[in-house]
Structure formats: structure tokens, C-alpha cells
Amino acid sequence: MPKLKIGTRGSPLALYQANETKSRLKAAHGYSDEDIEIVVITTTGDRIRDRPLSEIGGKGLFTKEIEEALFAREIHLAVHSMKDMPARLPDGLIMAALLPREDVRDAFLSPVAKTIDDLPKGAVVGSSSVRRGAQLKRLRPDIDVIQFRGNVETRLKKLDEGVAMATFLAAAGLKRLGLADKIASLVPTEVMLPAVAQGCIGIETREDDAKTRELLAAINHEPSATAVNCERAFLAALDGSCRTPLAGHAVIDNGVVKFRGHALTLDGVHCFETTRAGAPADAARMGREAGEQVKAEGGSLIAF
């Protein structure tokens, strides 16, 4: 067989996710190490680290060059953190598999506090996420939120250097990197609803590549895929971008998909929330209808 090529960003977390995908493909199909190659691709988002994503083009900056490599047939598949994916994929590309979801919660990291409530009045908190910033301002209007971009290691270093008193990272990424000991506390989803598809690894390929799609079908985790389909339908209905504080989380409980989603104003003052419950087959429809409801209620207050 031709060597199967996996495209990925080069951060430690991205490489972990690519190697996890490689291991699952080897186990599913009896491949050897030499049968699969990991191809590191530097994206625009990796190169520009000194400005908020909302100012330079959004989430697509972390996928553009990788997706171009897919179209050019330089790689067969691409591995992504699903929470970093734009609401809509380019025509001709599909998300062919999702791996089992990790912890969806946000992790609170701080050398001076155990929880959000423990932070002193007027504390400086670093975050590159408009969602976390808005949710935090809603919980603690006194807190000063500053921009805090970079990969996991960069943000931990900034925290150690005292750039901020606290920050948030996805618990899933920290656990995958063996850095769970850095977590001061895990934030319950009732307190901070996670980003759409947080904790999930997605694998993208060309729609016309039937062979690769068949290979990936063997490692797709259907419950994770169903939940993420619901959440991403919510995101798409809202035309969600990194300029909009959006959150959505679906779980499957005894065969029922339960979804909660909301959109906030950037200052956290207003929050428009909705819930849905229904059959797994209706997951995408529920997410879409939930998004349409929130968009109608939020109107011009929400920065769509």
C-alpha cells in the first residue's frame, strides 16, 4: 500500500493527537509503524501569536494550510482538535471520524487560587477565548481579562512568569499531555459550559477519497460523533466564529441526546440559553433549531 500520510500541526498536543490516530489505525488494520507517516504542517495561526484570533481571521487560520494539503493530495487525512474547527468545512472535505471524547470541562490554573471564587477582587486572568472571557465576566464582573495566546506550554510559562494570576485550558489537552497535575480545579459544566466539540479529536479527509474514508470508519466513535454533530449544528446555525462567545454541550444519556447551548455578549451581561432532548437520529436537527432560537433571542446584542 502507499504510505498513509497524516497531516497535523506541530504542537505537542497536536502531535499527541496525530500519534493517537496512528495507533488506532495500526490496531484496526494491522499496519506497521512504517505504513503511516505523520506530516507536520505549520499554519498561519501558528505563525501569528501576538494578536487575538478574532482580529486575524478566526479558527480557520489553524486549518487552512492543512486542508490545502488534503486538496493537493499531499496527505490522506488531517487530525484536528474539534473545538478549533470552523463551523463549516470547505466543500469537498468531510469529518470522517471522531475519536472517543475526553473530559469536556475547562481546567482552572492558578498559583494563587484553587477556584474562580478564590481569586482576589480585580484579579488579572489570561485567556484567548472570548467564550471563557464572557463566562468569567458573568461570574466575576470585577476580574480583568487579558489576551493569553500560545500553545499549552507557552501559556503555562506565562502563568509562572506572573503575566496573569490565572488562566483556563481545556482539561482534555492537559490530561493527554500528562499535565493534569497543573490543574488547580476542574470547572463544572454548570458553571462554565464548554466550547462546542471540546475534548474531541476529529479526522478530516477528502469526500471523494473512498479508501481513506473506509479506513477511518473503523475507528469512528459513534457516541462522540453524535454529540459533536449536535453541537456543531448549533454552531453553524449561529454562524459562530471566534468573535462570538458561544458554548454548547451534548451528552447521550440512556439513548437520549441532551443538549444545552448558549450565546453571550462579550461583557457577559447577557446570556441567551436553550436546551433540547431527543433521539440520536435527530441530533443535528436539535442543534440547528437550538441555534436558530438563540440567534433570534440574542438579536443585535450578540456579535455574530
A quick test of your reading: do over 12 heavy atoms of other residues, nucleotides or ligands sit less than 6.0 Å from CG of Asp181?
yes

State yes or no: do Phe272 and Phe234 share one hydrophobic cluster built from I, L, V, M, F, W and Y residues joined by side-chain heavy-atom distances below 4.5 Å, directly or via other members?
yes

Main-chain N/O of Gly122 paired with Asp144 side-chain donor or acceptor, under 3.5 Å
no

Is there a side-chain contact (heavy atoms from CB on, under 4.5 Å) between Val125 and Arg140? Walk through the geometry before answering.
CA-CA 11 Å; Val125 175; Arg140 290 281 307 271; over 6 Å; no

Check this for me, if you would: do Lys26 and Asp35 make a salt bridge, where the nitrogen-to-carboxylate-oxygen distance has to be below 4.0 angstrom?
no

Linking I/L/V/M/F/W/Y whenever any side-chain heavy atoms sit under 4.5 Å apart, do Val251 and Val196 land together?
no

Distance, nearest 0.5 Å, that separates CZ of Arg131 from OG1 of Thr244:
13.0 Å

For the residue pair Ala18 and Ile6, what are the closest heavy atoms and their distance?
O-CD1, 4.1 Å

May I ask you to test the Pro194-Thr189 pair for a side-chain heavy-atom distance under 4.5 Å?
yes

Hey, does the side chain of Thr167 reach the backbone of Leu109 with a donor-acceptor pair shorter than 3.5 angstrom?
no

Return yes when atom CD of Glu37 has more than 12 non-hydrogen atoms of other residues, nucleotides or ligands closer than 6.0 Å, and no otherwise.
yes

Leu139, Val145: one ILVMFWY side-chain cluster at the under-4.5 Å cut-off?
yes

Let me confirm one number: the CD-CD distance from Gln293 to Glu289, rounded to the nearest 0.5 Å.
9.5 Å

Answer with yes or no whether the side chains of Thr8 and Gln17 bring together a donor and an acceptor at under 3.5 Å.
no

Hey, is Lys64 close enough to Glu68 for a salt bridge, meaning N to O under 4.0 Å?
yes

Can Thr115 and Asp117 be counted as having a side-chain donor-acceptor contact under 3.5 angstrom?
no

Would you check if there is a donor-acceptor pair between the side chains of His262 and Gln135 at a distance under 3.5 Å?
yes

Distance-minimising heavy-atom pair for Leu174 and Ala107:
CD1-CB, 3.8 Å

What's the spacing between Lys295 NZ and Leu246 CG if we round to 0.5 Å?
10.5 Å

Please test Phe259 against Met286 for side-chain contact (heavy atoms from CB on, under 4.5 Å), starting from the C-alpha separation and ending with a verdict.
CA-CA 8 Å; Phe259 173 78; Met286 286 192 297; 5.7 Å; no

Is there side-chain contact between Leu93 and Arg206, with at least one heavy-atom pair below 4.5 Å?
yes

Ignoring hydrogens and geometry, is there a side-chain-to-backbone donor-acceptor pair from Lys175 to Glu102 under 3.5 Å?
no

With a 4.5 Å heavy-atom cut-off, do Pro245 and Thr265 have their side chains touching?
no

Evaluate the side-chain proximity of Ile66 to Arg9: yes if any heavy-atom separation is below 4.5 Å, no if none is.
yes

With side-chain contact (heavy atoms from CB on, under 4.5 Å) as the criterion, how do Arg176 and Glu20 come out once you've worked through the C-alpha distance, each side chain's angles and the decisive distance to 0.1 Å?
CA-CA 10 Å; Arg176 286 171 176 145; Glu20 176 68 14; over 6 Å; no

Would you call Glu273-Arg260 a salt bridge at under 4.0 Å N-O?
yes

Mind checking the CG-CG spacing from Leu215 to Asn220? Nearest 0.5 Å is all I need.
13.0 Å

Could you grab the distance from atom CD1 of Ile41 to atom OG1 of Thr63, nearest 0.5 Å is fine?
11.0 Å

Might you work through the side-chain contact (heavy atoms from CB on, under 4.5 Å) test for Leu169 and Arg155, ending with a clear yes or no?
CA-CA 9 Å; Leu169 289 167; Arg155 296 191 211 187; 3.7 Å; yes

At what distance, to the nearest 0.5 angstrom, does CG of Leu235 lie from SG of Cys230?
11.5 Å

Using side-chain heavy atoms (C-beta onward) and a distance below 4.5 Å, is Leu99 in contact with Ile203?
yes

Lys258 side chain vs Ala277 backbone, donor-acceptor pair below 3.5 Å
no

So, Thr43 side chain and Glu65 main chain: donor-acceptor pair closer than 3.5 Å or not?
no

Check whether any side-chain heavy atom of Ile302 lies under 4.5 Å from a side-chain heavy atom of Val294, and answer yes or no.
no

Cys200 and Ser224 have their tightest heavy-atom pair at SG-CB, 4.0 Å

Measure the shortest side-chain to side-chain distance between Phe108 and Leu119 over non-hydrogen atoms and say whether it is less than 4.5 angstrom.
yes

Are Val79 and Leu4 linked, directly or through other ILVMFWY residues, by side chains that come within less than 4.5 angstrom of each other?
yes

For the residue pair Ala166 and Ser110, what are the closest heavy atoms and their distance?
CB-CB, 3.7 Å

Less than 4.0 angstrom from a charged side-chain N to a carboxylate O is my criterion; do Lys182 and Asp160 meet it?
no

Identify the two heavy atoms, one from Ala96 and one from Leu216, that lie closest to each other, and give their separation to 0.1 Å.
CB-CD1, 3.7 Å

Could you tell me whether a side-chain N or O of Arg101 sits under 3.5 Å from a main-chain N or O of Gln198, the two making a donor and an acceptor?
yes

Is there a donor-acceptor contact under 3.5 Å from the side chain of Lys137 to the main chain of Ile143?
yes

Heavy-atom distance under 4.5 Å between the side chains of Met85 and Glu204, does that happen here?
yes

Are the side chain of Arg276 and the backbone N or O of Ala283 linked by a donor-acceptor pair below 3.5 Å?
no

Does atom NZ of Lys5 have more than 12 heavy-atom neighbours, drawn from other residues, nucleotides or ligands, at distances under 6.0 Å?
no

Which atoms form the tightest heavy-atom contact between Val257 and Ala250, and what is the distance?
CG1-CB, 4.2 Å

Please check if the side chain of Arg232 supplies one atom and the backbone of Pro86 the other of a donor-acceptor pair under 3.5 Å.
yes

Side-chain donor/acceptor of Thr205 to backbone N/O of Leu77, under 3.5 Å
no

